[in-house]
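The sequence lines fix the lettering, A, B, ..., with proteins before strands; numbering per chain opens at 1.
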There are 2 protein chains.
Amino acid sequence: MDELQPADRTAVGASVIERLEALIFDRLEPGEILPSEGKLAEALGVSRLTVREANRALEARGLLEIRQGCRPTVAAPNGALVGDFFKIAVRRDPRAVLDLLDVRMALEVHIAALAAKRATTADVADLEMFVEAMRAAVDQPEAFHAADVRFHEKLAAASSNRLLVFLIEALSEPLRESRLRSFAGHQARGRGAEDVIEQHVAILEAVRRRNAKAASAAMRYHLQQTERDLRAMLRGAPLRPQARGRASGET
Amino acid sequence: MDELQPADRTAVGASVIERLEALIFDRLEPGEILPSEGKLAEALGVSRLTVREANRALEARGLLEIRQGCRPTVAAPNGALVGDFFKIAVRRDPRAVLDLLDVRMALEVHIAALAAKRATTADVADLEMFVEAMRAAVDQPEAFHAADVRFHEKLAAASSNRLLVFLIEALSEPLRESRLRSFAGHQARGRGAEDVIEQHVAILEAVRRRNAKAASAAMRYHLQQTERDLRAMLRGAPLRPQARGRASGET
DNA sequence: CACTCTAGCCTGTCTGATATGTTCGTGTTT
DNA sequence: AAACACGAACATATCAGACAGGCTAGAGTG
């Protein structure tokens with residue numbers, strides 16, 4: 001009698017979402033595939049439409065991946081959702097970029113400390129490699145920036161905390177979109193690149209020595225310098241409206 | 001020729017989502033309402049179903065609120081999405097709770113420093129009030145815990161960083177679900193409550209004195225103690241399976 | 001003026017049909 | 001025999017029309 005009969009024709013969707021969610025968490029691993037919409041509709045006693053909407057909702061929550069022609073596959077957790085949230089916040093209020101920098105400071109400083117405690121020798125070797133890549137790319141802003149990002153991502157990974165990795169990942173996207181990238185390029189061109197490398201070396205060496213406090217301090221200094229240069233550049237050339245190819249055409 | 005005509009009948013949904021997104025960000029404020037599904041379908045030249053799915057997708061991303069009978073309203077940004085992400089991560093791997101504690105440590109330590117720099121006298125007064133509430137509730141675990149949470153939320157607000165507020169909000173939900181709440185109650189019963197109050201006072205006083213370093217240190221100590229006690233309790237009585245009313249009945 | 005109640009709007013769900021993308025087995029070719 | 005091309009079966013994407021149930025505001029009543 002407790003089998004939920006479709007007496008209420010209005011809460012069916014939510015019920016289907018819950019049941020699919022339970023199915024995904026309790027019986028399936030990331031990468032596995034779900035039955036097709038038709039099969040699920042029949043099994044759950046609802047229409048294909050309802051299953052479809054449930055699938056889309058779960059996709060939006062990062063639990064499923066849906067492509068036309070293929071059955072839905074269970075998605076591995078990733079920071080895309082959180083990145084979306086940050087992007088939305090910035091889009092609603094551009095000043096939120098400064099808040100993003102605060103968040104990054106908080107996370108990276110802690111990451112540096114954790115990495116100093118938990119990094120393996122292999123991790124340290126990888127970090128060193130990225131610093132070398134930066135040295136080799138002082139004249140190539142793109143490559144320099146890429147190596148910079150990889151260094152920070154690797155450091156997050158070395159903290160052995162997957163959530164921190166996701167969060168750093170989520171932060172880098174909206175920060176990059178906010179013209180901080182062109183800034184990084186600008187930064188790399190001048191002799192500032194050497195300072196940036198030096199700051200990364202300081203972090204790396206602190207991690208190698210397993211000195212959490214020094215790693216935190218080095219990271220804090222690095223981000224403070226980055227933010228200071230950024231603010232200086234923004235004052236110098238404040239938000240030049242991105243010159244896209246769009247001349248006119250606002251539907 | 002580049003006006004997206006519905007020649008492709010397969011990318012219509014994504015296009016509608018993008019257009020609605022632009023509409024929401026560029027022309028509407030939180031609280032305003034969108035046209036009904038039917039109107040939008042007609043205006044965009046697609047079927048009601050497509051608009052409906054777009055609406056649900058935007059709802060899942062935290063941009064809309066949809067209730068039966070009412071037209072969709074633009075939602076204010078909130079941390080629910082991020083909270084969902086954390087909850088999902090924990091559900092996939094319960095050990096992620098420890099990662100959550102790391103994240104909280106990172107954020108709260110930074111929040112304490114920012115609050116020391118930015119808090120107004122009114123903020124400090126509010127914080128003091130919550131400490132008083134904790135003092136008055138040493139024998140009422142529920143109220144004690146509530147005041148504790150309010151203190152931390154208020155501190156985040158005093159950092160003048162809305163993203164940090166959302167993140168703290170997002171963290172508290174899954175942490176509470178992870179039986180940390182019963183722990184807080186347990187903690188409040190013993191004389192540990194006095195220690196906890198003392199730790200909050202230390203944070204409060206550091207903020208009042210505008211001493212960012214001291215505030216950070218006090219917060220770090222507080223969270224370290226909390227985590228230490230938590231681990232001790234988990235070792236003492238490891239995950240007692242929640243005794244619900246369910247005797248038997250797994251579908 | 002306050003209260004009720006209903007008509008109309010809106011979302012929730014179902015049915016059935018067509019278009020488009022994916023996969024995999026089959027058959028052909030080299 | 002192996003590699004490639006092709007098509008049938010399957011799966012999702014979208015459309016159209018219909019009905020059920022929730023919500024709101026304005027008409028009507030006391």
Side-chain angles (χ1 to χ4, degrees), chain A residues 3-21 23-24 27-28 30-75 251, chain B residues 3-21 23-24 27-28 30-75 80:
Chain A
E3 287 296 328
L4 21 146
Q5 311 256 358
D8 266 7
R9 206 168 145 189
T10 178
V12 179
S15 157
V16 170
I17 290 180
E18 276 178 31
R19 290 208 258 176
L20 288 183
E21 198 175 319
L23 172 70
I24 290 171
R27 301 220 199 291
L28 298 175
E32 292 193 71
I33 58 180
L34 264 69
S36 69
E37 289 178 359
K39 301 284 180 58
L40 275 178
E42 193 180 0
L44 296 173
V46 297
S47 83
R48 230 194 81 193
L49 171 69
T50 307
V51 172
R52 174 176 179 71
E53 291 204 349
N55 278 347
R56 300 304 289 262
L58 294 172
E59 181 193 31
R61 291 177 52 193
L63 293 177
L64 288 182
E65 278 177 14
I66 298 179
R67 287 178 315 160
Q68 182 173 354
C70 309
R71 285 181 291 177
T73 66
V74 177
T251 302
Chain B
E3 285 298 326
L4 23 145
Q5 310 257 1
D8 267 9
R9 206 167 142 188
T10 177
V12 178
S15 158
V16 169
I17 290 181
E18 276 177 30
R19 289 209 258 176
L20 289 183
E21 200 176 318
L23 172 71
I24 290 171
R27 300 219 199 294
L28 299 175
E32 291 194 72
I33 58 180
L34 265 69
S36 69
E37 289 177 358
K39 300 284 179 59
L40 275 178
E42 193 179 358
L44 295 174
V46 299
S47 82
R48 222 194 92 191
L49 171 68
T50 307
V51 172
R52 176 177 178 70
E53 291 203 348
N55 278 346
R56 301 304 291 260
L58 293 172
E59 180 193 30
R61 289 177 53 195
L63 293 177
L64 288 182
E65 280 178 11
I66 298 178
R67 288 178 314 164
Q68 182 172 357
C70 308
R71 283 181 292 177
T73 67
V74 177

Open item on the list: Strictly below 4.0 Å: does B:Arg56 bring a side-chain N or O up to OP1 or OP2 of C:dG12?
Closed with: yes
Task: For the student: nearest non-hydrogen atoms of A:Thr50 and A:Gly13, plus distance - done: CG2-CA, 3.9 Å
Open item on the list: Applying salt bridge (charged side-chain N to carboxylate O under 4.0 Å, His left out), can you list everything that pairs with A:Glu59, at least two apart in sequence or on another chain?
Closed with: A:Arg56
Open item on the list: Side chain of A:Ile66, heavy atoms from C-beta onward: which of D:dC15, D:dA11, D:dT12 has the nearest atom to it?
Closed with: D:dT12
Task: A:Arg67 side-chain proximity, nearest of D:dA11, C:dC14, C:dT23 - done: C:dT23
TODO: Output the single nucleotide from C:dC14, D:dC23, C:dC10 whose closest atom is nearest the side chain of A:Thr50.
DONE: C:dC14
Open item on the list: Using the side-chain heavy atoms of B:Arg52, tell me which of these nucleotides is nearest: C:dG12, D:dC23, D:dT12.
Closed with: C:dG12
Task: Nearest-Å distance for atom pair CD/C1', residues A:Glu42 and C:dT15 - done: 15 Å
- [ ] Estimate the overall bend of the helix from C:dC1-D:dG30 to C:dT30-D:dA1 from the end axes over five pairs each, rounded to 10 degrees.
- [x] 10°
Task: Sub-4.5 Å side-chain heavy-atom contact between B:Leu40 and B:Leu20 - done: yes
TODO: Please determine if a side-chain N or O atom of A:Arg48 lies less than 4.0 Å away from the OP1 or OP2 oxygen of C:dA17.
DONE: no
TODO: Would you indicate which nucleotide in D:dC15, C:dT23, D:dA11 comes nearest to any side-chain atom of A:Ser36?
DONE: D:dA11
Task: Under 3.5 Å donor-acceptor pair, A:Gln68 side-chain atoms to C:dT20 base atoms - done: yes
Task: Residue B:Val46, side-chain atoms from C-beta onward, closest of D:dT24, D:dC15, C:dC14 - done: D:dC15
- [ ] Give the minimum heavy-atom separation between A:Pro72 and A:Asn55, together with the two atoms involved.
- [x] CG-ND2, 3.9 Å
- [ ] Let me know the distance between CD1 of B:Ile33 and C1' of C:dT11, rounded to the nearest Å.
- [x] 14 Å
Open item on the list: For A:Glu32, I'd like to know if atom CD has over 12 heavy atoms of other residues, nucleotides or ligands within 6.0 Å.
Closed with: yes
Task: Length of the CG-P vector between B:Leu49 and C:dG12, whole Å - done: 12 Å
Please output the side-chain donor-acceptor pairs of residues 64-71 of chain A that fall under 3.5 Å, not counting sequence neighbours, one pair per line with the distance.
residue: A:Gln68; atom: OE1; partner: B:Thr10; partner atom: OG1; Å: 2.6

TODO: Please report, rounded to the nearest Å, how far the C1' atom of C:dT11 is from the CG atom of B:Leu64.
DONE: 14 Å
TODO: Calculate, to the nearest 0.5 Å, the distance between atoms CD and NZ belonging to A:Glu42 and A:Lys39 respectively.
DONE: 8.5 Å
